[in-house]
Q: 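The structure's right below; bear with me while I get my questions together.
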Amino acid sequence: MQDIINKAFETLKKGGLILYPTDTVWGIGCDASNSHAVEKIYKLKQRAESKALICLVANDVMLKTYIKNVPEVAYSYFNNNEKPTTIIYNNPQHLASNLIADDNTLAIRIPNHDFCLQLLKKFNGAIVSTSANISDEPTPNSFKEISSDILKGVDYVVNLPDKKTATKPSSIIKLHDDGSVQIIRK
């Protein structure tokens, strides 16, 4: 697996797009600090830039690089959720401007997935993770359901067995500065 991680790492460093398995669905990823790479994902997915993308980070230490004030309630979600949960945070920093939503928020998840965690640690930065489909088309439940347009549009396809148990995108919640929690997607 180290060779695959190295190839994905090199692709990300060069501003390329990768297709990779996550703890939820197969994702299209890029360096979350590279606005040109983020733009390539929007074009590939035929997605309006007003629809924000999700990022993955390896741990809470990496999260603090991008979110200056992580609400305390977030830590309970990291440690106690059985289902993958993406959290929308206020005031992200040090990321591509076209990745940040119009309301100055960003959705971030710490994945429970060995490949993702190893790649994130080697890359030492946030990686975009958006479902491997054209916007408004169904999210593929397995690698074999990914369209040829997506496969041709990325620079590197991670060649790992499709063994994951989750076939749905993560839950999404928004944490407000007052400590309240809003469920966006169950």
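Quick caveat, the model's predicted, so the values are computed rather than measured. Hydrogens, waters and symmetry mates are skipped; everything else that's a heavy atom, side chains included, is used.
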Q: With Lys122, which residues qualify under side-chain hydrogen bond (donor to acceptor under 3.5 Å, both in side chains), at least two apart?
A: Asn6
Q: Testing the basics here: between Ala126 and Tyr66, what is the closest heavy-atom pair and its distance to 0.1 Å?
A: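 Ala126 and Tyr66 have their closest heavy atoms at N-OH, 3.1 Å.
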Q: Sequence neighbours left out, cut at 3.5 Å: what donor-acceptor pairs do the side chains of residues 145-160 make with other protein atoms?
A:
unit_1 : atom_1 : unit_2 : atom_2 : d
Glu145 : OE1    : Asn141 : N      : 2.9
Ser147 : OG     : Ile150 : N      : 3.3
Asp155 : OD2    : Leu17  : N      : 2.7

Q: Please list every donor-acceptor pair under 3.5 Å in which a side-chain atom of residues 29-38 meets a protein atom from a residue at least two apart or in another chain.
A:
unit_1 : atom_1 : unit_2 : atom_2 : d
Asp31  : OD1    : Ser33  : N      : 2.8
Asp31  : OD1    : Ser33  : OG     : 2.7
Asp31  : OD2    : Ser33  : OG     : 3.3
Asn34  : OD1    : His36  : N      : 3.0
Asn34  : OD1    : Ala37  : N      : 2.9

Q: What's the shortest heavy-atom distance between Leu106 and Cys55, and which atoms?
A: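 Minimum heavy-atom separation between Leu106 and Cys55: CD2-SG, 4.1 Å.
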Q: Test of understanding: clusters of I, L, V, M, F, W, Y form through side-chain heavy atoms closer than 4.5 Å, transitively. Do Leu19 and Leu117 belong to the same one?
A: no
Q: Go through it in stages, so that I can follow the logic: the residues are Thr65 and Val57, the test is side chain to side chain contact (heavy atoms under 4.5 Å, CB included), and I'd like the CA-CA distance, side-chain angles, deciding distance and then a yes or no.
A: CA-CA 10 Å; Thr65 301; Val57 295; over 6 Å; no
Q: Look at the side-chain heavy atoms of Ile, Leu, Val, Met, Phe, Trp and Tyr, link any pair under 4.5 Å apart, and say whether Leu53 and Ile184 land in one connected group.
A: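 No.
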Q: Nearest 0.5 Å please: distance from the CG atom of Asn124 over to the CG atom of Leu119.
A: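 Result: 11.5 Å between the selected atoms.
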Q: When clusters are formed by joining ILVMFWY residues with side-chain heavy atoms under 4.5 Å apart, either directly or through shared neighbours, do Ile54 and Ile108 land in the same one?
A: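 Result: no, two separate clusters.
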Q: Do you know the tightest heavy-atom contact between Asn104 and Pro92?
A: O-CD, 3.2 Å
Q: Rounded to the nearest 0.5 Å, how far apart are CD1 of Ile4 and CD1 of Ile18?
A: 11.5 Å
Q: Would the distance check show the side chain of Thr22 and the main-chain N or O of Tyr20 forming a donor-acceptor pair, the cut-off being under 3.5 Å?
A: no
Q: Phe115 and Ala8: which non-hydrogen atoms are nearest, and at how many Å?
A: CZ-CB, 4.3 Å
Q: Just wondering, more than 12 heavy atoms not from Asp103 lying within 6.0 Å of its CG?
A: yes
Q: Should Ile88 and Val128 be counted in the same cluster of Ile, Leu, Val, Met, Phe, Trp and Tyr side chains packed under 4.5 Å apart?
A: no
Q: Taking all non-hydrogen atoms of both residues, which atom of Leu95 and which atom of Ile100 are closest, and how far apart?
A: O-CD1, 4.4 Å
Q: Are more than 12 heavy atoms from other residues, nucleotides or ligands located less than 6.0 Å from atom NZ of Lys83?
A: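 Atom NZ in Lys83 is packed in, count exceeds 12.
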Q: To the nearest 0.5 angstrom, please state how far the CG atom of Asn112 sits from the CG atom of Asp23.
A: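 If we round to the nearest 0.5 Å, Asn112:CG and Asp23:CG are 6.5 Å apart.
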Q: Compare all side-chain heavy atoms of Glu39 with those of Asn98 and state whether any distance is below 4.5 angstrom.
A: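 Contact flag for Glu39/Asn98 side chains = yes.
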Q: Please, which pairs that meet salt bridge (charged side-chain N to carboxylate O under 4.0 Å, His left out) have at least one residue in residues 47-61, sequence neighbours excluded?
A: none
Q: Please round to the nearest 0.5 Å and tell me the distance separating atom CG of Leu56 and atom CG of Leu63.
A: 11.5 Å
Q: Calculate, to the nearest 0.5 Å, the distance between atoms OH and CD1 belonging to Tyr89 and Ile173 respectively.
A: 7.5 Å
Q: What pairs with Lys13 under side-chain contact (heavy atoms from CB on, under 4.5 Å), at least two apart in sequence or on another chain?
A: Phe9, Phe123
Q: Quick one: pull up CD in Gln182 and CG in Leu175 and give me the separation to the nearest 0.5 Å.
A: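 Those atoms lie 10.0 Å apart.
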Q: Any side-chain heavy atom of Ser170 within less than 4.5 Å of one from Ile172?
A: yes
Q: Could you go through the side chain to side chain contact (heavy atoms under 4.5 Å, CB included) check for Gln2 and Gln118 one step at a time?
A: CA-CA 9 Å; Gln2 198 56 49; Gln118 287 188 49; 4.0 Å; yes
Q: Decide yes or no on side chain to side chain contact (heavy atoms under 4.5 Å, CB included) for Lys45 and Asn133, but give the supporting numbers first.
A: CA-CA 6 Å; Lys45 286 185 61 85; Asn133 61 306; 3.2 Å; yes
Q: Under the 4.5 Å side-chain heavy-atom rule for ILVMFWY, direct or indirect, which residues accompany Val61?
A: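 Besides Val61, the cluster holds no residue at all.
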Q: Where is the tightest heavy-atom contact between Arg109 and Thr85, given as atom of each residue plus distance?
A: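 Between these two residues, the closest heavy atoms are CG-O, 3.4 Å.
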Q: Would you say Ile110 ends up clustered with Val73 if hydrophobic residues are merged whenever their side chains have heavy atoms under 4.5 Å apart, either directly or through other cluster members?
A: yes
